[in-house]
Amino acid sequence: MGKVVVVTSGKGGVGKTTSTAALGAALAQTGKRVALVDFDVGLRNLDLIMGAERRVVFDLVNVTQGVAKLPQALIRDKRVDTLFLLPASQTRDKDALTEEGVADVISALREKFDYVFCDSPAGIERGAQLAMRYADDAVIVTNPEVSSVRDSDRIIGLLDSRTLKAERGESVNKHILVTRFDAARAARGEMLNINDVLEILSTPLLGIIPENQGVLRASNIGSPVTLSEPSNAAARAYIDAAKRLEGEDLPVVLPFQRQGFFDRLFGRRAA
Amino acid sequence: MTLFDLFKRRGSAPVARERLQVLLAYERQNRNQPDLVAILREEIMAVIARHIQVGQEDVRVAMDRGDTMSTLEIDVNIPNGGALIAA
Ligand SMILES: Nc1ncnc2c1ncn2[C@@H]1O[C@H](COP(=O)(O)OP(=O)(O)O)[C@@H](O)[C@H]1O
Ligand SMILES: [Mg+2]
């Protein structure tokens with residue numbers, strides 16, 4: 001039985017889709033069977049980030065409505081053959097997904113995969129609640145910034161009340177993934193301190209992903225950063241986070257600015 | 001910014017942390033409670049409407065949460081002339 005992991009945040013643009021792709025690909029590369037499910041109905045993007053936008057035939061809504069069978073809708077990654085994508089629908093009908101439909105798809109995926117990652121839409125409404133509904137684990141993507149932390153707190157409230165686990169008196173395993181961390185700004189005291197974020201949210205840390213140009217490059221070419229630039233700082237942080245999700249006990253190190261004298265002299269930033 | 005500010009600057013992060021701690025403590029406590037301001041607004045509206053003809057936009061209810069005390073501010077615009085309803 002696979003593990004269902006929701007990647008969520010409340011706030012938009014914090015790095016959920018980037019993190020879903022990067023973590024999923026990192027785990028698939030170690031041989032795990034991984035399915036990435038895009039729950040952002042109407043605003044699908046995971047297909048683009050995965051470089052599979054031209055291979056979408058059926059989507060999540062088609063499967064829940066019985067228009068397509070699950071194996072027809074799953075797109076196998078061209079780089080890692082244990083990695084699959086179930087795209088979101090482009091329909092504008094926000095009610096296209098039903099709780100029963102999602103339950104069926106998730107339980108079918110659980111049978112076939114080691115990990116089922118659910119890329120949540122932004123917000124705290126129905127779409128976000130459906131994405132987290134059947135989760136065993138939650139990766140709460142948070143930027144070290146006040147509005148993102150506030151939204152993460154609300155999402156934690158939902159994870160503790162609206163998920164199937166919560167209703168059964170169990171609890172979803174929650175992890176904070178700090179993304180877009182800027183070491184230089186943190187050093188100047190302009191960015192919320194990681195320990196403060198963890199203390200405020202009283203949730204353990206899965207990893208710290210630095211702000212990094214490689215993420216944008218990866219999205220430009222349609223590849224998870226962990227596949228296209230595995231040695232880049234953000235990719236390495238994602239690979240470590242994936243190992244922690246697997247239960248490995250790796251210490252978290254603060255990403256620091258690897259900026260040499262010449263880099264600084266020429267105003268260039270280390271990648 | 002004075003030169004002194006430049007030296008004593010510890011960054012804005014500690015302020016952010018403090019604001020978050022206060023806000024989230026409040027929000028968690030009220031998470032599953034109905035929205036008090038909305039309820040007050042509705043009931044106040046109903047009372048006023050019994051006596052004066054006012055529209056939704058004529059009544060403004062605002063809350064300012066302080067550390068030890070909060071204020072509730074009610075602003076009613078009463079249109080001039082013939083708007084009173086005999087009670
Ligand atoms: N670590 C990072 N460094 C630089 N840019 C990032 C990083 N993480 C995310 N981004 C950028 O932030 C934007 C939003 O990311 P995305 O994953 O789409 O967020 P979400 O799914 O939460 O809306 C994208 O342009 C992405 O390239
Ligand atoms: Mg997204």
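Convention: sequence-line order gives letters A, B, ...; per-chain numbering from 1.
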Residue B:Glu18 excluded, over 12 heavy atoms near CD under 6.0 Å: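 No.
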
Part of residues 198-208 of chain A lying next to chain B, heavy-atom separation under 4.5 Å: A:Glu199, A:Ile200, A:Leu201

Considering residues at least two apart in sequence or located in another chain, which fulfil the side-chain contact (heavy atoms from CB on, under 4.5 Å) criterion with B:Leu72?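 Counting only residues at least two positions away or on another chain, B:Leu72 forms a side-chain contact (heavy atoms from CB on, under 4.5 Å) with B:Leu40, B:Val61, B:Met63, B:Ile74.
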
Could you tell me if the side chain of A:Asp153 sits less than 4.5 Å from the side chain of B:Arg28, heavy atoms only?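 They are in contact (side-chain heavy atoms under 4.5 Å apart), so the answer is yes.
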
Shortest non-hydrogen contact from A:Gly189 toward B:Pro14: O-CD, 4.5 Å

What side-chain hydrogen bond (donor to acceptor under 3.5 Å, both in side chains) pairs are there with at least one residue in residues 9-18 of chain A, not counting sequence neighbours? A:Ser9-A:Lys16, A:Thr17-A:Asp119

First locate atom CG of B:Leu20, then atom CG of A:Leu192, and finally report the distance between them rounded to the nearest 0.5 Å. 6.0 Å

Crowding at CD, A:Glu125 (>12 non-hydrogen neighbours, <6.0 Å):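 Atom CD in A:Glu125 is not packed in, count stays at 12 or less.
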
Counting only heavy atoms not in A:Arg110, do more than 12 sit closer than 6.0 Å to its CZ atom? yes

Determine whether more than 12 heavy atoms belonging to other residues, nucleotides or ligands lie under 6.0 Å from atom CZ of A:Arg150. no

By side-chain contact (heavy atoms from CB on, under 4.5 Å) - contacts of A:Pro121 (at least two apart):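 Once residues adjacent in sequence are excluded, the partners of A:Pro121 under the side-chain contact (heavy atoms from CB on, under 4.5 Å) criterion are A:Phe39, A:Asp40, A:Ala131.
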
